[in-house]
Amino acid sequence: PRRGLAAARRARGGEESAPALPREDLWISRLDLEGFGREVRALGRRLEKEQGDADMEHLHKMLSWSDACAAVGLATMWLP
């Protein structure tokens, strides 16, 4: 198997973590988790503000379809 460079970093618990990553996965060692988290939370807040009645109607429609499919599955699961 191919092995990349070891990416030594401090883990959140304080222990040393130095996994050997394949070359195509080295981006993981440079990922800014805190920055990524901030961006995801900001996106979530923006999408929540943009949510409207049409979104809620669509959500309820999808939940109804899910319930209907579950009912059909339960009613027919004994069939061969």
Side-chain angles (χ1 to χ4, degrees):
R2 290 179 17 193
R3 295 198 180 215
L5 301 174
R9 294 183 65 180
R10 274 269 186 223
R12 289 182 183 225
E15 67 275 7
E16 279 292 325
S17 174
L21 295 172
R23 182 180 201 98
E24 64 270 11
D25 292 337
L26 286 178
W27 64 270
I28 296 169
S29 66
R30 297 183 297 269
L31 181 63
D32 176 14
L33 290 176
E34 279 128 25
F36 179 72
R38 281 191 303 273
E39 289 180 29
V40 169
R41 284 188 294 279
L43 176 62
R45 285 190 296 271
R46 191 191 89 209
L47 292 175
E48 187 176 13
K49 288 178 185 176
E50 294 175 0
Q51 215 168 286
D53 291 336
D55 295 309
M56 292 308 295
E57 288 175 22
H58 179 72
L59 175 62
H60 289 295
K61 179 180 169 183
M62 293 298 105
L63 290 174
S64 295
W65 274 107
S66 175
D67 292 344
C69 290
V72 169
L74 287 172
T76 60
M77 67 182 180
W78 59 274
L79 295 174

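- To the nearest 0.5 Å, atoms CG (D25) and CG (L31) are separated by 12.0 Å.
- Heavy-atom contacts from other residues, nucleotides or ligands closer than 6.0 Å to CG of D53 number 12 or fewer.
- L47 and V40 are not part of a single hydrophobic cluster, where members link through side-chain heavy atoms under 4.5 Å apart.
- Taking every heavy atom of both residues into account, E34 and R41 meet most closely at O-NH2, 4.5 Å.
- Proximity of M77 to V72: side-chain heavy atoms (C-beta onward) are nowhere separated by under 4.5 Å.
- With sequence neighbours left out, R45 forms a salt bridge (Lys or Arg N to Asp or Glu O under 4.0 Å) with no residue at all.
- For E48, the salt bridge (Lys or Arg N to Asp or Glu O under 4.0 Å) criterion is met by no residue, not counting sequence neighbours.
- In this structure, S64 contributes its side chain and H60 its backbone to a donor-acceptor pair below 3.5 Å.
- When hydrophobic clusters are built by joining Ile, Leu, Val, Met, Phe, Trp and Tyr residues whose side-chain heavy atoms come closer than 4.5 Å, directly or via intermediates, M56 is grouped together with L63.
- Salt bridge present: R46 and E50 bring a charged side-chain N and a carboxylate O closer than 4.0 Å.
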